[in-house]
Structures are given as structure tokens and as C-alpha cells.
Amino acid sequence: MQKVLIIQTAFIGDVILATPVIEQVRAAWPDAAIDFLLRKGNESLFKGHPELRKVIVRNKKEGKWKSLRKVLKEVRNEKYDLVINLHRFLSSGIIAGFSKGKHICGFDKNPFSWRYQHKTPHVIAEPGEAIVHETERNRQVAAHLTGNLPAPMRLYPSAEDYDRVRESRPYVCIAPTSVWFTKQWPADRWVRLIDRMPGDCRVFLLGAPGDRAACEALAAAAAHVDVQVRAGELSLLQSAALMAGARMNYVNDSAPLHLASAIDAPVTAVFLSTVPRFGFGPGGTKGQVVETEAPLECRPCGLHGFKACPQGHFKCAEISEEKFPLP
């Protein structure tokens, strides 16, 4: 293969979960030019990435169909030998299906998968079945060409990123927010966990600029003597670099979980309305999960989160802070 395009235009976590495919393609074809198509806002994940030739950005703020036509034109002009679409929805299917790629592959759930030369099932494990991680599902899309090569999630913070966050004392990182209410452990629970941290251990609260107010509220409510809010101050790769040096990272079932896994940092993820068998749990070698042990018939209530608990009680969030391992 001379030119390969990988497509994942969903959220930050989905892009990170796609990174094993970059490693897989590079291992199979060391001289290939590899490009990655993603949505605007996620491109900083790949700043200085050593395995990518370029990143193509779709900016939906330009207009849904205008941005689609613009990106499709750029993709078609490249005449890719291989197009790997890891996104399961309409717009990416249009881009992949009409890309003029010599070989197109992706998940069979995409509405335009009839345009692909090879389709792969996207299977979520049923209760009692073996868990298939999303990274493994992604790697299977191109495995008919590459072989079943092992490939980890991987991001590449720069030396400058590590210098930006270098610390001389022990610390933990906590990413307490989520886009979805039913994936976010309640604030009072996070405060109690913060206050369980050893006194000589600094606590960093991470998140996007929009998460800063929530993090500041947690810091103000906590009794721990050393809580610092870094939400909105660090890039994604700088956040990853900070997480790499933490004694432990505490996260929801959200993008920071995958950020930690992509640098194989120690991470404890709390799962509320979702469950690890969906395949989105820790993907590194140092991950663990905390979840309710209550036999809730309503859990899981869906593959993704909700803006409010469908049952109105949010009992899946009633998890003691004592279940979390201390650093």
C-alpha cells in the first residue's frame, strides 16, 4: 500500500480508540503514507504524530453539507489505495464510499457499507460473553489485509509537553466530568474521594475549558490541602503527559479514560449507566474498573449516556469512594 486513509469523525475518545489502526497499518506497510480524517477540535491529538503524513479536518461549522463536499473533494484527489472507515454513520460512509479508494473497508452497520469492498461486523458482547474491546473491533476492519497484528492505543506527547507538566512531588489526576450526566459520578462523591487522597499527594483536576467551573467547585468543596485545577489550561497531549506521571488517574467512562490508556498510565474508571462489556473499558495494562454491585435491572440503560437517569433514581451512581484504590 502506498497511500492509506483512516476515517474516524466521532468524538475524542473514538479517535483515541482508533489509534491502534495507525500502528497496525504502519507495521504492515512501513513505507505507506498514512492520513487520518477527523472532526475539527480533535486534531491536536495528532500534533507531531510520527506515523501520520497529514491530518484532514472536517469542520462542520462551515455547514454540514458544505464541509462534507469540501472534505470529499480532498479525499478523492488523493486517490488512496486503501480507505479504512471506523465511523459507523452516514457522513463518513459517504466520504468512504465515494472516495475513489481502490479498496474500501469498514463496519457493516454504516448505511453506505454497500459501497465497501470489505465489511466487518461491529458486535457488542451480550451478558456472559467474552468482552471484545473497541480497539480490537477497529483492528479487525483491516485485518484481512494486514493480518491480525497486535497494536496498542498510542499517542505521542512531545518532550515539550512533558516539560510543561513536570512535577517533583507525588500526584494523582482526576477527570470528574462527562458530556453525559449518567456517565458522570456525582460531585459530592468526587469530593469524598479527593479527601481520601494522602496529604502529601497533590490532586490535579483535569478537563476542557468548559469543565473548569465544575472543577473549581470541587476544589472549593474539598478539604484536601493541595487541589489544583488544570481544566482548560492544558492541551490534550499535555493532559496525557501529566497523566503519565500520576500515581493514579481517576476518570468516568469518558475520553480521559482512553487518554490514560493511550499512554499506558495507571487508571481507575467508574462505570455508571454503561458497562465494561460494551468494549470501552481501560485499554492499557494498568487499568481497573469500579462499578455498582447492586443488581439493577435498568443497568445498562443504553450504549451511550443520557442527560438524565431514565428511571429518575440514578442508583448506578451510588458507589462508595472506599471502593476506589488509593495511590
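Only heavy atoms go into these numbers, but all of them, side chains included; no hydrogens, no water, no symmetry mates. Note that this is a predicted model, so its numbers are computed, not measured.
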Test of understanding: with salt bridge (Lys or Arg N to Asp or Glu O under 4.0 Å), list the residues that count as partners of K323, not counting sequence neighbours. E293

Share the residues that join F98 in a hydrophobic cluster, the rule being Ile, Leu, Val, Met, Phe, Trp or Tyr side chains under 4.5 Å apart at the heavy-atom level. L5, I7, L37, I56, W65, L68, V71, L72, V75, Y80, V83, L90, I94, I95, I104, F112, W114, Y116

Give a yes or no on whether a salt bridge exists between R196 and E321, defined as a side-chain N under 4.0 angstrom from a carboxylate O. no

Under 3.5 Å, is there a donor on one side chain and an acceptor on the other for H122 and Q140? no

Exercise answer: donor-acceptor pairs, residues 261-269 side-chain atoms, under 3.5 Å, sequence neighbours excluded:
unit_1 : atom_1 : unit_2 : atom_2 : d
S261   : OG     : L257   : O      : 3.1
S261   : OG     : G283   : N      : 3.0
D264   : OD1    : T285   : N      : 2.7
D264   : OD1    : T285   : OG1    : 3.0
D264   : OD2    : T285   : OG1    : 2.8

SB check R277 E291 (cutoff 4.0 Å): no

Modelled atom types, side-chain donor and acceptor of T146 and Q24, under 3.5 Å: yes

Any side-chain heavy-atom pair from R139 and N148 closer than 4.5 angstrom? yes

Return the orientation label for the F204 and Y171 ring planes: parallel under 30°, perpendicular over 60°, tilted otherwise. perpendicular

Mark yes or no for whether H133, through its side chain, and G281, through its backbone, hold a donor-acceptor pair below 3.5 Å. yes

Cluster companions of V179 among Ile, Leu, Val, Met, Phe, Trp, Tyr (side-chain spacing under 4.5 Å): W180

List, by chain and then residue number, the residues other than I131 in its hydrophobic cluster (Ile/Leu/Val/Met/Phe/Trp/Tyr, side-chain heavy atoms under 4.5 Å); write none if there are no others. none

Salt bridge (Lys or Arg N to Asp or Glu O under 4.0 Å) with R39: which residues, sequence neighbours excluded? none

Excluding sequence neighbours, so at least two apart, what forms side chain to side chain contact (heavy atoms under 4.5 Å, CB included) with R189? W185, P186, R192, E318

Side-chain heavy-atom pair S113, F107 within 4.5 angstrom cut-off: no

Residue set satisfying side chain to side chain contact (heavy atoms under 4.5 Å, CB included) with S254, at least two apart, ordered chain then number -> S178, N252, P256

Verify same cluster id: F46, I84 (apolar side-chain graph, 4.5 Å): yes

Indicate yes or no for a side-chain donor-acceptor contact from N42 to the backbone of A10 under 3.5 Å, with no hydrogens or angles considered. yes

Going only through I, L, V, M, F, W and Y residues with side-chain contacts under 4.5 Å, is there a path from Y250 to F280? no

Would you check if there is a donor-acceptor pair between the side chains of Q2 and D31 at a distance under 3.5 Å? no

Do N138 and T135 meet the criterion of a side-chain donor-acceptor pair at a distance under 3.5 Å? no

Holding to salt bridge (Lys or Arg N to Asp or Glu O under 4.0 Å), I want the full list of residues that pass it with E78, two or more places apart in sequence or in another chain. K3, R53, K54

Among all residues two or more places apart in sequence or in another chain, which pass the side-chain hydrogen bond (donor to acceptor under 3.5 Å, both in side chains) test with S91? R58

Residues which pass salt bridge (Lys or Arg N to Asp or Glu O under 4.0 Å) with D226, listed by chain and number, not counting sequence neighbours: R169, R202

Presence of salt bridge, E23 and R26, under 4.0 angstrom: no

ILVMFWY clustering at 4.5 Å (side-chain atoms), partners of L296: none

